[in-house]
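Here is the naming used below: chain letters follow the sequence lines, and residue numbers restart at 1 for every chain.
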There are 4 protein chains.
Amino acid sequence: MATGRRGRPRSTAVDWAVEQATLDLLASAGYHGLTIEAVAARAGVGRPTVYRRWPTKDDLVVDVLSRAVPVMADPDTGDALRDLEVLAAGVLERLVAAGVGPVVLAVLGAAIDRPELASRLAERYLSPRLGVLSEVITRGVRAGQIRDDLDVEVVRDLVLGPLVYRVLLTGRVWNREERTAAMAAVRLAIAAPGAAAPAPPVTGPPRRRRPASSPS
Amino acid sequence: MATGRRGRPRSTAVDWAVEQATLDLLASAGYHGLTIEAVAARAGVGRPTVYRRWPTKDDLVVDVLSRAVPVMADPDTGDALRDLEVLAAGVLERLVAAGVGPVVLAVLGAAIDRPELASRLAERYLSPRLGVLSEVITRGVRAGQIRDDLDVEVVRDLVLGPLVYRVLLTGRVWNREERTAAMAAVRLAIAAPGAAAPAPPVTGPPRRRRPASSPS
Amino acid sequence: MATGRRGRPRSTAVDWAVEQATLDLLASAGYHGLTIEAVAARAGVGRPTVYRRWPTKDDLVVDVLSRAVPVMADPDTGDALRDLEVLAAGVLERLVAAGVGPVVLAVLGAAIDRPELASRLAERYLSPRLGVLSEVITRGVRAGQIRDDLDVEVVRDLVLGPLVYRVLLTGRVWNREERTAAMAAVRLAIAAPGAAAPAPPVTGPPRRRRPASSPS
Amino acid sequence: MATGRRGRPRSTAVDWAVEQATLDLLASAGYHGLTIEAVAARAGVGRPTVYRRWPTKDDLVVDVLSRAVPVMADPDTGDALRDLEVLAAGVLERLVAAGVGPVVLAVLGAAIDRPELASRLAERYLSPRLGVLSEVITRGVRAGQIRDDLDVEVVRDLVLGPLVYRVLLTGRVWNREERTAAMAAVRLAIAAPGAAAPAPPVTGPPRRRRPASSPS
DNA sequence: GAGTAAACGAGACGGTACGTCCTGTCTTGAT
DNA sequence: ATCAAGACAGGACGTACCGTCTCGTTTACTC
């Protein structure tokens with residue numbers, strides 16, 4: 001006697017069209033230029049249809065980003081420090097990928113004084129992505145590769161923070177050399193004291209030696 | 001023979017009222033809730049009067065923040081690593097100070113896809129503040145206290161990034177223990193190899209060589 | 001070999017519920033506040049079910065009114081002028097009856113620039129009701145009681161017009177004295193020249209020759 | 001020290017454009033097809049500008065009609081009954097004038113279940129127009145030309161009611177013959193008993209004599 | 001009885017209009 | 001020339017209904 005879902009079911013084609021339109025507009029007009037009206041128009045959809053699914057522009061954006069940015073797989077190479085480098089490299093890649101990085105950060109920034117958006121963002125976007133990182137860190141701690149006197153979250157901050165901060169400040173990511181140097185430095189900060197000698201970095205040892213240069 | 005400005009001079013009282021109103025509204029409604037209309041109303045000022053001074057909402061916000069958040073003085077304790085810790089502690093303080101931290105980050109986030117805002121922000125807000133940091137780092141490198149194979153900017157990212165990232169993600173700052181642990185870890189990442197052992201924590205006697213310079 | 005209607009027959013319960021809901025809403029929200037959506041909701045019915053029966057809101061309203069306002073019976077007292085007074089009194093009664101009068105006039109007004117509504121209104125509502133009046137007038141003309149140099153429609157206008165106009169202007173009907181005076185005046189306008197002196201007022205003994213017919 | 005009106009004064013050009021657009025749209029789309037959005041668009045005006053002046057579609061319509069339909073002048077021929085005929089003829093003219101008649105009636109109808117509209121209509125439209133009629137009637141009563149045992153309002157109902165009722169029912173006005181006949185009949189209803197013999201009607205005596213014909 | 005065709009409730013759909021809010025510009029009279 | 005005030009064109013907001021369209025379910029005729 002179970003009644004099936006009543007009423008006309010929502011069209012998946014509409015879902016798809018709206019999400020696509022959102023991505024297009026984010027890329028072309030940026031987060032602040034995104035308009036429900038424009039999304040609806042571009043998707044060939046009535047405005048109320050968008051509101052039916054996403055009560056807020058932010059809900060829409062978070063949802064779309066969650067779907068558009070793939071969650072990184074756990075590399076699990078046996079060396080947690082190397083795993084972290086791989087993941088960080090993945091984050092860098094995503095931050096430069098077509099328009100997505102700026103948008104994520106813009107939403108992050110916008111979320112700061114909008115608790116609703118923040119929690120939705122945390123739940124739908126951040127949790128799954130940071131979860132992988134936490135697992136790797138925990139594994140590294142257990143394996144004696146990562147210091148056990150740092151909270152998992154602190155390690156996470158040390159690994160991703162510098163990288164994201166650069167984007168936040170300048171809108172651009174590290175270049176190859178900066179990345180290599182920074183990651184090696186972070187390794188020093190979080191590696192367990194008695195751990196094996198630092199494995200050769202992902203892209204060979206940088207033996208740079210020049211003084212600080214331009215101030216951005 | 002220089003003719004003085006003709007016509008009625010701009011009222012400094014208006015400047016003051018508008019800036020105050022902006023701060024109030026930022027605190028109460030957040031960045032996204034800030035409206036030129038509301039600012040003008042609260043300041044008891046005509047809307048065009050606001051526009052006459054600041055062409056956009058963002059210009060206003062950046063200007064107000066620049067004035068409201070004091071530039072930190074260079075501690076110059078002789079130990080660049082300790083100086084960095086002091087500065088980082090100062091940044092943390094400012095991030096939790098009444099409503100200002102979230103706003104700065106929200107503006108940073110919003111600036112990402114608005115180049116005009118970004119450059120104004122860099123010019124008026126970031127440059128003077130990050131300048132102090134750069135000086136300290138450069139000094140530390142010269143003194144053999146900070147590794148010389150890292151760009152100044154990378155060091156800056158390593159010092160401030162983790163701290164800011166935490167705020168960005170969670171809206172909150174490190175607690176005392178997290179802060180101590182994280183800073184010690186960062187020290188490992190950036191200290192020059194042969195440098196002295198980690199000095200006692202910041203809470204010890206400052207022993208500064210010269211007094212802090214002018215705020216603002 | 002005529003095949004009866006196939007499939008599930010329309011539910012008369014639905015008809016009833018929708019009509020009742022319409023009357024309720026007309027009374028509580030007026031004509032302009034009447035919404036198909038609200039009607040369907042109040043009737044506990046799907047919106048398409050309403051549309052299946054009545055293509056437009058106006059069709060629905062006209063239909064409901066036609067059923068709700070009973071057609072007046074022909075008094076047929078032998079005195080056509082008195083018959084007209086009785087009918088006019090009936091119209092007055094109906095105009096003040098719970099919420100129906102205003103609605104009828106609102107629909108009349110709305111019909112003026114909507115020919116479809118107008119014709120449906122004429123066909124379903126007005127014709128049967130004005131038909132009785134026409135019969136009485138025609139009978140009066142034949143009996144030499146009503147002037148024969150006036151069109152039936154003009155007489156009708158003279159009898160009902162003043163009465164309806166008052167409602168249209170003020171939303172209220174004549175009081176007892178106004179009614180008596182006005183009707184007496186109208187009698188002067190339409191009575192055949194040689195007719196008997198004005199009979200005693202309506203409240204006297206009816207003395208009808210045949211009973212009132214079906215009230216539909 | 002009286003401060004003159006502050007702020008930018010409202011543009012009379014806007015008033016004019018909006019009123020013109022309203023009339024155009026009333027003529028082309030009718031009352032029910034009138035849309036604030038369309039009015040604003042046609043007037044080349046922002047929607048809020050319309051709302052600033054007229055909070056409601058109905059306020060707008062009433063205002064526009066008040067201005068568009070000229071108040072009739074008091075004929076004051078010395079013969080109040082003739083004056084009334086002239087005024088009634090004027091009303092007839094206005095009712096057939098380009099699109100205005102239907103609109104007035106539609107608004108009248110719509111006003112019935114919207115007290116706000118009704119009072120605004122009464123105040124701005126009806127009062128000045130019916131005022132002239134009242135004056136003529138009062139004068140006629142004083143001069144012994146109109147019966148003094150009828151309220152002024154009842155006389156008004158008797159004069160205008162039949163005429164308006166016909167429009168309400170059929171959307172059309174009396175033709176020449178109907179008008180002549182009806183007005184002569186009304187004269188019988190309201191003329192004082194001892195008054196001078198009925199002056200020759202405005203367009204000569206109709207000596208019609210045919211039975212009632214087509215319905216409606 | 002077993003099919004089956006239509007009606008049913010529910011509710012999604014593309015739209016249109018609503019009335020509000022804010023933007024950035026402009027036009028006043030007054031200072 | 002600046003000020004407070006406020007009107008202006010424009011545009012997006014989020015809501016309410018419109019009339020149409022699927023859905024899965026129910027129901028009464030027909031075979």
Side-chain angles (χ1 to χ4, degrees), chain A residues 1-15 33-41 43-53 55-57, chain B residues 4-11 13-14 33-41 43-53 55-57, chain C residues 3-11 13-14 34-41 43-53 55-57, chain D residues 1-11 13-14 33-41 43-53 55-57:
Chain A
M1 294 285 286
T3 47
R5 208 58 88 254
R6 305 240 264 160
R8 176 176 175 177
R10 292 194 177 165
S11 158
T12 56
V14 165
D15 289 316
L34 190 71
T35 284
I36 297 278
E37 187 143 50
V39 168
V45 146
R47 205 152 19 113
T49 297
V50 178
Y51 282 110
R52 207 180 338 267
R53 291 169 163 74
T56 298
K57 171 173 140 177
Chain B
R5 291 291 184 285
R6 307 237 294 157
R8 173 176 176 177
R10 289 192 179 170
S11 157
V14 165
L34 191 72
T35 283
I36 297 280
E37 184 140 49
V39 169
V45 145
R47 209 149 22 105
T49 299
V50 178
Y51 282 111
R52 201 173 292 123
R53 289 166 163 77
T56 72
K57 167 174 146 177
Chain C
T3 49
R5 291 291 181 284
R6 306 242 291 159
R8 175 178 175 176
R10 291 192 180 167
S11 156
V14 166
L34 192 71
T35 283
I36 296 279
E37 185 141 49
V39 169
V45 147
R47 211 153 15 112
T49 299
V50 178
Y51 281 110
R52 199 173 292 123
R53 290 165 162 77
T56 71
K57 167 174 145 177
Chain D
M1 293 294 282
T3 47
R5 208 61 86 255
R6 304 240 268 160
R8 176 176 176 176
R10 292 194 178 164
S11 158
V14 166
L34 189 71
T35 281
I36 297 279
E37 186 142 51
V39 169
V45 145
R47 209 157 10 124
T49 297
V50 178
Y51 283 112
R52 198 174 294 121
R53 290 168 162 74
T56 297
K57 172 173 140 175

Between the protein and nucleotides 16-20 of chain F, which nitrogen or oxygen pairs come in under 3.5 angstrom?
| unit_1 | atom_1 | unit_2 | atom_2 | d |
| --- | --- | --- | --- | --- |
| F/dC18 | OP1 | C/I36 | N | 3.2 |
| F/dC18 | OP2 | C/I36 | N | 3.4 |
| F/dC18 | OP2 | C/E37 | N | 3.0 |
| F/dG19 | OP2 | C/Y51 | OH | 2.9 |
| F/dG19 | N7 | C/R47 | NH1 | 2.9 |
| F/dG19 | O6 | C/R47 | NH1 | 3.1 |
| F/dG19 | O6 | C/R47 | NH2 | 3.4 |

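Regarding contacts with the backbone of E/dG14, a side-chain N or O of A/T49 is found under 4.0 angstrom from either OP1 or OP2.
Each of D/A43 and B/A43 was assigned the nucleotide of DNA chain F with the nearest heavy atom; the assignment lying further toward the 5' end belongs to B/A43. In terms of position on DNA chain E, the residue among C/G46 and D/P9 whose nearest nucleotide sits closer to the 5' end is C/G46. In terms of position on DNA chain F, the residue among D/V45 and B/R52 whose nearest nucleotide sits closer to the 5' end is B/R52.
Of all heavy-atom pairs between D/K57 and D/L34, the closest is NZ-O, 3.1 Å.
For A/A43, the side-chain contact (heavy atoms from CB on, under 4.5 Å) criterion is met by A/A17, A/V18, A/A21, A/V45, not counting sequence neighbours. When the side-chain contact (heavy atoms from CB on, under 4.5 Å) test is applied to C/R53, the partners found at least two apart in sequence or on another chain are C/R10, C/V14, C/D15, C/T49. Applying the side-chain hydrogen bond (donor to acceptor under 3.5 Å, both in side chains) test to C/T56 and every residue at least two apart in sequence or in another chain returns C/D59. Evaluation of the side-chain hydrogen bond (donor to acceptor under 3.5 Å, both in side chains) rule for A/S11 yields no partner, not counting sequence neighbours.
Recorded end-axis angle for the helix from E/dG1-F/dC31 to E/dT31-F/dA1 stands at 20°, based on five pairs per end and rounded to 10 degrees.
Ranking F/dA7, E/dG9, E/dA12 by closeness to the A/R53 side chain, first place goes to E/dA12. Distance from the side chain of D/R6 is smallest for F/dA4 among the nucleotides E/dA12, F/dA4, E/dG14.
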